[in-house]
Amino acid sequence: METNVALEKALNMLLAYVPKPGTEIVEILKSQNRVLAEDVLADIMVPPFSRSPLDGFAFRSSDSPREKGQKVRLKIVDYLPAGVPATRPVNSGEAVKLMTGAMIPEGADAVVKFEDVVEEDGYVIIDFPVKPETNIVKKGEDFLPGDVIIEKDRVINANAISLLALAGKKKVLVYKIPKVYIICTGSELVDIEQIPGPGKIRNTNLYSIGALVARSGGEPVLGRIVNDDLNLIAQEIKRGLEVADLVLTTGGASVGEYDLIIKALESIGAEILFWKTDFKPGTPVIGAVANGKIVIGLSGNPQAAMTSFELIAYPVIRKLTGRQNIYHARVKAFLDHPFDKTRGQRRFARGYCYLKEGEFRVKILPWLSPGSLKGVLNSNALVEIPKNCPPLKTNDPVNIVLIEGGSLSAFDTPDSGLF
Ligand SMILES: Nc1nc2c(c(=O)[nH]1)N[C@H]1C(S)=C(S)[C@@H](COP(=O)(O)OP(=O)(O)OC[C@H]3O[C@@H](n4cnc5c(N)ncnc54)[C@H](O)[C@@H]3O)O[C@H]1N2
Ligand code: MOO
């Protein structure tokens with residue numbers, strides 16, 4: 001077991017144990033935010049026939065005038081709305097009136113739009129030269145049968161769904177959603193519906209971590225509250241390993257007499273990969289593997305557990321979902337205020353970031369203890385304060401982790417005037 005490992009190293013140790021996820025078939029509209037587990041190929045030509053992108057007249061371009069101002073009269077021999085195949089070819093001296101999306105009749109190699117010509121007594125008059133292939137959307141121009149329309153491992157969004165529909169896929173193969181079993185340990189914990197008795201507290205971690213699991217693309221499976229009892233903890237971890245793909249615990253990760261997670265893991269034959277990382281809050285994280293599955297022991301302190309979840313559990317869950325892009329985005333932001341509470345240890349402080357004139361700006365939320373949740377409400381970023389960082393001034397650049405996703409909607413909450 002390694003101790004005091006850098007965040008990046010701890011993460012890589014765990015990621016090496018993430019298996020390739022299983023697959024399942026889902027309805028196209030249920031596939032959004034899932035990861036495609038198959039290459040989707042075109043089964044037909046796209047477009048399936050050469051078509052007109054305009055309401056106009058199809059004809060032979062060789063019939064058009066040599067110079068602008070010269071006129072030709074072409075006899076209108078057919079009328080084609082979209083969806084109706086041509087009944088006859090277009091010969092020289094003829095034109096077919098057709099609508100947007102209609103099939104180009106055989107013989108025609110150009111289309112002119114209604115507004116550019118004159119229709120008169122069953123004839124169309126064209127007074128400008130038209131090159132071959134003008135306004136023709138060619139059959140197979142986008143995809144030929146067998147072409148890959150979307151590659152596997154892509155996250156499915158509405159854009160991807162448009163292409164799945166084009167490929168005729170009403171059902172699609174995606175990676176399974178990983179189940180994440182959450183165990184909260186601590187004899188002081190009571191369910192959140194209760195008014196805690198003396199020395200007891202509400203089990204907030206079950207729900208905060210459950211919510212984070214769901215937002216990471218996993219399915220939270222809520223375990224029971226487990227007292228600080230070695231056997232009970234070991235049994236609950238075993239249960240989690242049976243029913244889920246990943247087990248998360250909170251509490252019992254530090255050095256106290258009742259900090260039993262490591263002992264419980266050892267008792268079931270788990271390999272402890274590391275204990276304690278180089279960042280606060282959430283330093284005493286445990287990384288372990290049992291029966292080929294990962295167990296992450298987060299610290300009990302509610303804010304610390306949420307922060308170490310974002311930094312360590314989030315990428316692991318993202319990889320379990322089959323995603324290639326597993327990390328929260330990290331960007332440079334400029335501080336809105338001086339910050340002198342830098343310390344020896346590397347830290348990820350809760351921050352509120354927003355965009356101003358194309359640049360990220362960030363406020364570090366008032367520093368509250370790792371046990372307090374008060375500061376998390378308005379945070380949408382973690383602000384990295386490096387080890388031994390000197391005091392920071394207004395407008396100094398800092399690296400931030402965008403924990404609420406790259407979505408701009410995460411930044412447009414009204415400025416709550418925190419500073
Ligand atoms: N002597 C030392 N003491 C502590 C150290 C240390 O290095 N030496 N590290 C501190 C740090 S840092 C942290 S973080 C905590 C981590 O402790 P544990 O992971 O063992 O967590 P607990 O002791 O079980 O609980 C800590 C705190 O959080 C509350 N808690 C626990 N579970 C929940 C829950 N599900 N919902 C809400 N709140 C929870 C618990 O009541 C405690 O107040 O250790 C420091 N100590
Ligand atoms: O990691 Mo504890 O919450 O790091 O203080």
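For reference, positions follow the sequence shown, starting with 1. Basis for what follows: all heavy atoms, side chains included, without hydrogens, waters or symmetry-related copies. Whatever order the structure lists ligands and atoms in, that order sets their numbers, starting from 1. Here the structure is a predicted model, which is why all the values come from computation and not from measurement.
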Item to complete: Mind telling me whether F348 and F279 have parallel, tilted or perpendicular rings, with 30° and 60° as the class edges?
Response: perpendicular
Discussion item. When you measure from the side chain of D278 to the backbone of L7, do you find a donor-acceptor pair of N or O atoms at a distance under 3.5 Å?
Written reply: yes
Worksheet item: Of all the atoms in ligand 1, which lie at a distance below 4.0 Å from a heavy atom belonging to G252?
Response: 18 (P), 19 (O), 20 (O), 21 (O), 22 (P), 24 (O)
Fill in: Any N/O pair K280/ligand 1 closer than 3.5 Å
no
Worksheet entry | Region of L206 engaging ligand 1 - heavy atom pairs below 4.0 Å | neither
Worksheet entry | atom 3 (O) of ligand 2 - nearest protein heavy atom and its distance | P370 CB, 2.7 Å
Item to complete: Evaluate the criterion side-chain contact (heavy atoms from CB on, under 4.5 Å) for residue pair V172 and E38; output intermediate values, then yes/no.
Response: CA-CA 8 Å; V172 53; E38 59 178 340; 3.8 Å; yes
Worksheet item: Taking distance alone, with no angle check, do N301 and ligand 1 share an N/O pair under 3.5 Å?
Response: yes
Practice prompt. Answer yes when K293 and E242 have at least one side-chain N-carboxylate O distance shorter than 4.0 Å, and no when they do not.
Written response: no
Fill in: Y175 side chain to D153 side chain, donor-acceptor N/O pair below 3.5 angstrom
yes
Worksheet item: In terms of atom number and element, which parts of ligand 2 are under 4.0 angstrom from non-hydrogen atoms of A304?
Response: 3 (O)
Worksheet entry | Nearest option to atom 1 (O) of ligand 2, as decided by whichever heavy atom of A253, G282, S308, G371 sits closest | G282
Discussion item. I'd like to check whether I201 has a polar contact with ligand 1, where a contact means an N/O of the residue lying under 3.5 Å from an N/O of the ligand.
Written reply: no
Practice prompt. Please report the C-alpha distance between I195 and R202 in whole Å, then the side-chain angles of each, then the deciding distance to 0.1 Å, and finally whether the side-chain contact (heavy atoms from CB on, under 4.5 Å) criterion is met.
Written response: CA-CA 8 Å; I195 301 291; R202 286 184 166 142; 3.6 Å; yes
Item to complete: Give yes or no for whether the N/O distance cutoff of 3.5 Å, strictly under, is met between A304 and ligand 1.
Response: no
Worksheet, complete the sentence: Closest to atom 5 (O) of ligand 2 among protein heavy atoms sits K280 NZ, 2.9 Å
Worksheet item: With a 4.0 Å cut-off, would you call K332 and E359 a salt bridge?
Response: no
Worksheet item: What part of S254 sits under 4.0 Å from ligand 1 if we count only heavy atoms: the side chain, the backbone, both or neither?
Response: both
Practice prompt. Would you please name every residue forming a ring-ring contact (aromatic ring centres under 6.0 Å, His included) with F114, sequence neighbours left out?
Written response: F57
Fill in: Charged N-O contact under 4.0 Å between K30 and E27
no
Worksheet item: Does ligand 2 have an atom that lies less than 4.0 angstrom from a heavy atom of S299?
Response: no
Worksheet, complete the sentence: N301 heavy atoms within 4.0 Å reach ligand 2 at atoms 3 (O)
Worksheet item: Mind checking whether P284 has a heavy atom under 4.0 Å from ligand 2?
Response: yes
Fill in: R202: numbered ligand 1 atoms lying under 4.0 Å from its heavy atoms
36 (N), 37 (C)
Item to complete: Name the option, out of P284, S187, S208, P281, that contains the heavy atom nearest to atom 11 (C) of ligand 1.
Response: P284
Fill in: E24 atom CD, over 12 foreign heavy atoms within 6.0 Å
yes
Fill in: Close approach, L189 and ligand 1, non-hydrogen under 4.0 angstrom
yes
Worksheet item: Of all the atoms in ligand 1, which lie at a distance below 4.0 Å from a heavy atom belonging to N203?
Response: 34 (C), 35 (N), 36 (N)
Practice prompt. Between I209, T307, I225, N205, flag the one that comes closest to atom 32 (N) of ligand 1 by a heavy atom.
Written response: N205
Practice prompt. Give the atoms of ligand 1, by number and element, whose distance to some non-hydrogen atom of A253 is under 4.0 Å.
Written response: 18 (P), 19 (O), 20 (O)
Fill in: Test item: D245 side-chain N/O and K179 main-chain N/O as donor-acceptor pair under 3.5 Å
yes
Practice prompt. State whether the number of non-hydrogen atoms from other residues, nucleotides or ligands found under 6.0 Å of R154 atom CZ is greater than 12.
Written response: no
Practice prompt. Closest by any non-hydrogen atom to atom 19 (O) of ligand 1: pick that one out of G282, A305, G300.
Written response: G300
Discussion item. Less than 3.5 Å apart, any donor N or O on the side chain of R323 or T321 sitting next to an acceptor on the other?
Written reply: yes
Fill in: N or O contact, K276 vs ligand 1, cut-off under 3.5 Å
no
Worksheet item: Does T250 reach the main-chain N or O of L298 with its side chain, forming a donor-acceptor pair under 3.5 Å?
Response: no
Worksheet item: Is any side-chain N of the basic residue among R51 and E141 closer than 4.0 Å to the acidic one's carboxylate O?
Response: no
Worksheet item: Is there a donor-acceptor contact under 3.5 Å from the side chain of N395 to the main chain of F334?
Response: no
Worksheet entry | ligand 2-proximal atoms of T283, by part, heavy-atom distance under 4.0 Å | both
Discussion item. Determine whether a donor-acceptor pair (N or O, by modelled atom type, separation under 3.5 Å) exists between the side chain of N380 and the backbone of C353.
Written reply: yes
Worksheet item: Can you list the atoms of ligand 1 that are under 4.0 Å from a heavy atom of C184?
Response: 35 (N)
Item to complete: Could you tell me whether some N/O pair between P302 and ligand 1 is separated by less than 3.5 angstrom?
Response: no
Worksheet item: Near T204, which atoms of ligand 1 are under 4.0 Å from a heavy atom of that residue?
Response: 36 (N), 37 (C)
Practice prompt. For S299, counting its heavy atoms only, list the atoms of ligand 1 lying under 4.0 Å from any of them.
Written response: 14 (S), 16 (C), 19 (O)
Worksheet item: So, does G186 sit close enough to ligand 1 that a heavy atom of it is under 4.0 Å from the ligand?
Response: no
Discussion item. For T250, which part has a heavy atom under 4.0 Å from ligand 1: side chain, backbone, both, or neither?
Written reply: side chain
